[in-house]
Every structure is written in C-alpha cells, then in structure tokens.
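Read the structure below first, then the notes.
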Amino acid sequence: MTPQTRNVVVLGSTGSIGTQTLDVVERLQAAGIPLRVVGLAAGSNVELLEQQIERVRPDIVSVLSEPHAQRLEARFPHLRVVRGGDGPRTLASESGVDVVVNALVGAAGLLPTLAGVSRGCVVALANKESLVIGGSLVRAALHEGRGRILPIDSEHSAVLQCLDAGRRGDVRRVILTASGGPFRDTDPRELARVTPRDALCHPTWAMGARITIDSATMVNKAFEVIEAHYLFDVSLDEVSVVLHPASLIHSLVEYRDGSVLAQLASHDMRIPIQYALTYPDRHATKLPRLDFSAPLAFEFRPLDPARYPAFATVLAAAREGGSAPAALNGADEVLVRRFLHGEIPFPGIAAGLATVFDRWQAEVEGRGKRGSGLAEILAADCWGRTVSEGLSWP
Ligand SMILES: NC(=O)c1ccc[n+]([C@@H]2O[C@H](COP(=O)([O-])OP(=O)(O)OC[C@H]3O[C@@H](n4cnc5c(N)ncnc54)[C@H](OP(=O)(O)O)[C@@H]3O)[C@@H](O)[C@H]2O)c1
C-alpha cells in the first residue's frame, strides 16, 4: 500500500530550525518520502519567505505585519495569507494538517503547540518555551487529544532514542549534555566585558540569537531540564546536566542496573529534525557522519553553578511552579534583547533574572497569583517583560 502524504506546516520557517526543516523535507521528498509543506509562518523576513513560497508552493502563509501580507497577496494571488500574531496558531489549527513543526522562538510558540496537539497532530517541537511556560497545559491537551509531541532539540531527541531502548520503570535518571557555551573557560571577572559578538560565537552550533545567548548563560539548559520533565514524565530531580564540550553525545539515560545509554551524532540539527519528521522510521541521509577513524573527545565536566547563576534561578522558578517559569521566560526574552542591543552587560541577564524572580516571590505570589491557567501564564509573561524592561544597571 502506498503511504499517504503527510501535510506539514512549518512555523518559524525563516529561522535557523525552520530553514533546516525545509532542507530536510526536500531531501526526504527526493528520497520518495510523501511529505507536503502546506503552510509556512514567518515573522518579518518577508524576502526569505517569498523565496520559500516559490520553492515549496504552500497553500497558506502567515506574517506579522499588514504591509508584508499585502506584498505577498500582490505577488502570489492564489495564496491564502494570514496576518498578525495569531497567524501561527491559525496554521496549526488548519484541517488536513498532520504535522506541525513549531520552530518559533519564545512564548509565541505556546498557542500553536496547544492548537496542534488539541487537533491530534504530531507537533515536532523545537520551541521549548511552549513546555517551559505552559507544560501543564500542553500535558493536559495531550491527555485529552490524540496528538503527540516529538522533540527536535538534539538533547531530547537523544533521550527519546535512549528511552526507546529500555523500560520506563527502569530509568534512574536522564542526563542532558551541555557544551558550556562560548564562556565555559572565560575568567568570570572578564564576563562583564564580553560583547554580544563574543556571546554569539557558539563553540559547536550555529543557532538563532536568543538560544545562542541562552546557551552562554545556561538558561537554555535549565529550559531543557523543564522540557525533559514534561516530555518524558520524569521529575526535575531525575534530570541531571553535565558539560560535554565536544557536543558529540547529545544526551544519556542511566538505568537502574548502572547501564548508561547514549546517543551520538555529528552536530547537525537536521539529524534530529529528520527523526522527528519520520519517527519511528529512520531514513538514510547524506548529512555529516561521525568519523571514528580520528580521535574523538569524550570529556565530561560538572556544571559549575557559580559560573552559570541563571541556571539555578530558572530551575528555582520551575520548582516554584505555576506561572513563575513564564515570568522568567518573558524576562529572559527582554534581557537577552537588551544585552544584544548593548543596554546591559552580559552578567546583567543572570542578575536581572534573579531580581525578577525575587520580585515575583515577594509581589506576585504574595498576592496569590500562582495559577497555571492560560490567562495567568500570559499575564506572568507580560509581568516578567515589564519588570525587566525597567531594570537598570550602574
Ligand atoms: N537553532 C537551533 O539549533 C535550535 C536547537 C534546538 C532548539 N531550538 C529552539 O527552536 C526555536 C527556534 O530557534 P531558532 O534558533 O530557529 O530561532 P530563530 O533563528 O530566531 O528563528 C525564529 C523564527 O520564528 C519567527 N518568529 C519569531 N517571532 C515570531 C512571531 N511572533 N510570530 C511568527 N513568527 C515569529 C522568525 O521569523 P522572522 O525571522 O521572519 O522574523 C523565525 O522564523 C527556539 O525555541 C529554540 O530554543 C533551536
């Protein structure tokens, strides 16, 4: 029997994961895998979106601004164009969509994830913020619907593969690897002087700006701990983090008999993207492979909490629960932007997050605003942004 074509929408198609997803889809199509990209959602990079429309011929696209929407309507008269912040959710809610690739950055990813899961789609999830801020909502939607989340994050793709090799009841802990970012060996006294350009030089991965800065502060790794907690139904304490500068082992799972399973691959995000699109099948690729004829570095180091103070702050917010992680995610989005614009020094991101969390505990929790419903999450996100916009440094 010929397999049915699976209809895919790519949210954040103009970003790092989005562009790599389109590359993977084209490679799979060339290999005879029946996938069709029916929708693309971008933010404001309309030039790249136009090229993508020419290439993949989607039925529907979404952009943020009205002028960009009008430009697309004029150039592609048969295309459905939606506009505004709700566009990605509209695409994820389209009937006939089988797979939603959520490669949006930030809190904007939550509603499309909920929409895709509620409709029974596979959500290939790069947007970890969906789970960081709304993990309990997504989990509830998964329980109610027939949807499934498959991780794109290389660490979580690795964990999924290691878990599939054993029994859940035998798992002792999940171990996420971290490169340590560009400042893993920098003298901490120098960090106040590092520039956005220094921080954007990730030692192993080429990624979007926010996740690159979040990797330097380890906010990203704390987010990944929360993501693992929701994806694999393990407690926060059952997820450990270890520095592995070479980024060859993408993560590990330790079983109760002491066996530790690891997943290795060259650091190319197209490998986990493809696995999310074809799971549980594996297809041959021409993507880079590990070369075992040359020496490979399998060094591990413990994470130094003093070097990465934001890691503990974000996890403290996760333990607090409710909408505290949403407040910190909103704050981090603003603090990262302010650092990139030269408004605050690099250590100001971690310091700002600590301040926001302290205020959250004192002001917001004190007033009983601890809920984790959608309205509370969106309000906490907004609160975190406002507070961090107002923070100043001497
Ligand atoms: N990059 C990686 O290697 C990697 C690895 C693992 C996980 N992730 C996760 O994947 C997600 C995406 O990361 P990325 O590095 O690909 O980010 P990115 O390069 O900054 O791309 C973000 C994409 O989202 C679009 N976008 C942003 N805000 C939007 C909004 N409000 N409405 C509609 N579209 C919007 C952008 O559009 P425009 O550019 O057109 O404005 C762009 O297409 C993040 O959650 C990140 O943590 C990334």
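All ligand and atom numbering here is 1-based and tracks the order in the structure. Source: prediction; values computed, not measured. Residues: numbered from 1 along the sequence shown.
Of all protein heavy atoms, the one lying nearest to atom 7 (C) of ligand 1 is D153 OD1, 3.2 Å. Nearest to atom 31 (N) of ligand 1 among the protein's heavy atoms is A108 CB, 3.8 Å. Looking at atom 38 (P) of ligand 1, its nearest protein heavy atom turns out to be T14 OG1, 3.3 Å. Protein heavy atom nearest atom 37 (O) of ligand 1, with residue, atom name and distance: G43 N, 2.9 Å. Closest to atom 19 (O) of ligand 1, if we only count protein heavy atoms, is S16 N, 2.9 Å. Taking atom 26 (N) of ligand 1 as the reference point, the nearest protein heavy-atom neighbour is L104 CD2, 4.1 Å. With respect to atom 5 (C) of ligand 1, the closest heavy atom belonging to the protein is M269 CE, 3.7 Å. Ranking the protein heavy atoms by distance from atom 15 (O) of ligand 1 puts G208 N, 2.8 Å first.
Here the shortest heavy-atom distance to atom 47 (O) of ligand 1, taken over H68, K128, M207, belongs to K128. With distances taken over non-hydrogen atoms, the option nearest atom 10 (O) of ligand 1 out of G85, A126, P272 is A126.
Counting the atoms of ligand 1 from 1 in the order shown, those under 4.0 Å from a heavy atom of I211 are 4 (C), 5 (C), 6 (C), 7 (C), 8 (N), 15 (O), 46 (C), 47 (O), 48 (C). Interface atoms of ligand 1 facing N45, defined by a heavy-atom separation under 4.0 Å, are 38 (P), 40 (O), 41 (O). Less than 4.0 angstrom separates some heavy atom of I17 from each of these atoms of ligand 1: 1 (N), 2 (C), 3 (O), 4 (C), 5 (C), 10 (O), 16 (O), 48 (C).
Judged by distance alone, the side chain of N102 and the main-chain N or O of G109 form a donor-acceptor pair under 3.5 Å. Side chain of R307 to backbone of T186: a donor-acceptor contact under 3.5 angstrom is found.
We find that R270 and D23 are joined by a salt bridge, their nearest charged nitrogen and carboxylate oxygen being less than 4.0 Å apart.
Within a 6.0 Å radius of CZ in R289, other residues, nucleotides and ligands contribute 12 heavy atoms or fewer.
Note that the CZ atom of F76 and the CZ atom of R71 stand 9.5 Å from one another [nearest 0.5 Å]. One finds the CG atom of L131 at 7.0 Å from the OG1 atom of T113 (value rounded to the nearest 0.5 Å). Atom CD1 of I17 is separated from atom CD of Q20 by 5.5 Å, given to the nearest 0.5 angstrom. One distance of note links OG1 of T90 with CG of L11; it measures 10.5 Å at 0.5 Å rounding.
Ligand 1 has no nitrogen or oxygen under 3.5 angstrom from a nitrogen or oxygen of P88. Polar contact with ligand 1: absent for A206 (N/O pair, distance under 3.5 Å). The shortest N or O to N or O distance between G12 and ligand 1 is under 3.5 Å.
Residue contact annotation: A103 has a non-hydrogen atom under 4.0 Å from ligand 1.
Note: the hydrophobic cluster containing L261 also contains L176 (ILVMFWY, side chain heavy atoms under 4.5 Å, direct or indirect links).
Sorted by first and then second residue, the side-chain hydrogen bond (donor to acceptor under 3.5 Å, both in side chains) pairs involving residues 338-353 (not counting sequence neighbours) are R338-E343.
Proximity of L64 to ligand 1, defined as any heavy-atom pair under 4.0 Å, is confined to the side chain (atoms from C-beta onward).
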Tabulate below the donor-acceptor pairs under 3.5 Å that side-chain atoms of residues 295-302 make, not counting sequence neighbours, or state none.
unit_1, atom_1, unit_2, atom_2, d
E299, OE2, R301, NE, 2.9
R301, NH1, D185, OD1, 3.1

